[in-house]
Amino acid sequence: TKCIFLKRNRTIASNSHRSWRPTASISFDSYLWLEDGTKILLSCDGTKETAMLRIQPLAQELNTEIKDLTAPLSQV
């Protein structure tokens with residue numbers, strides 16, 4: 001495995017019957033990135049903390065690093 005990475009995903013939906021305004025929601029998606037370039041979705045969580053708690057044991061088991069792509073560029 002190459003690494004596990006966490007990505008912030010913003011979704012805009014306009015399927016509410018009570019309001020015409022679209023609503024935005026944010027999810028944190030984690031992926032397993034394999035050496036051959038394949039990316040496998042591991043989880044979609046509502047908070048970054050939940051996502052990190054979910055993928056940390058897997059990263060330890062696979063002996064790979066977690067790359068947080070949600071952090072500002074100055075912190076990467």
Side-chain angles (χ1 to χ4, degrees):
T1 57
K2 201 169 185 178
C3 71
I4 293 174
F5 67 93
L6 185 64
K7 182 178 160 192
R8 188 176 138 187
N9 193 6
R10 187 169 183 254
T11 307
I12 297 177
S14 59
N15 56 357
S16 173
H17 296 291
R18 293 175 288 184
S19 172
W20 60 269
R21 286 192 351 238
T23 56
S25 65
I26 294 175
S27 67
F28 293 86
D29 302 341
S30 56
Y31 295 86
L32 180 62
W33 191 5
L34 303 178
E35 292 290 338
D36 68 358
T38 303
K39 295 175 186 140
I40 301 170
L41 178 66
L42 298 175
S43 70
C44 298
D45 295 290
T47 65
K48 181 176 175 177
E49 293 75 21
T50 304
M52 291 299 279
L53 286 172
R54 190 183 303 264
I55 61 178
Q56 281 172 342
L58 183 60
Q60 289 175 349
E61 182 74 26
L62 296 174
N63 197 25
T64 191
E65 66 176 319
I66 297 173
K67 293 192 178 188
D68 184 358
L69 302 182
T70 68
L73 290 177
S74 60
Q75 296 178 2
V76 175

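Just so it is clear, the model here is predicted, and its values are computed rather than measured.
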Single-linkage hydrophobic cluster I4~L53, side-chain heavy atoms < 4.5 angstrom: no

Looking at [X] and [Y], what are the two nearest heavy atoms and their distance?
X: I55; Y: S30; answer: CG2-OG, 3.2 Å
X: K48; Y: F28; answer: N-CD1, 3.4 Å
X: C3; Y: K67; answer: SG-CD, 4.0 Å

Nearest 0.5 Å, please: how far is [atom2] in [Y] from [atom1] in [X]?
X: E65; Y: K2; atom1: CD; atom2: NZ; result: 10.5 Å
X: N9; Y: L69; atom1: CG; atom2: CG; result: 12.0 Å
X: Q60; Y: I66; atom1: CD; atom2: CD1; result: 8.0 Å

Test side-chain contact (heavy atoms from CB on, under 4.5 Å) applied to S25 - qualifying residues, sequence neighbours left out: T11

Apply side-chain contact (heavy atoms from CB on, under 4.5 Å) to I40 and list each qualifying residue two or more places apart in sequence or on a separate chain. L32, L34, T38

Can you list everything that forms a salt bridge (Lys or Arg N to Asp or Glu O under 4.0 Å) with R54? Sequence neighbours excluded, please. D45

Do the rings of Y31 and F5 sit parallel, tilted or perpendicular, given the 30° and 60° boundaries? parallel

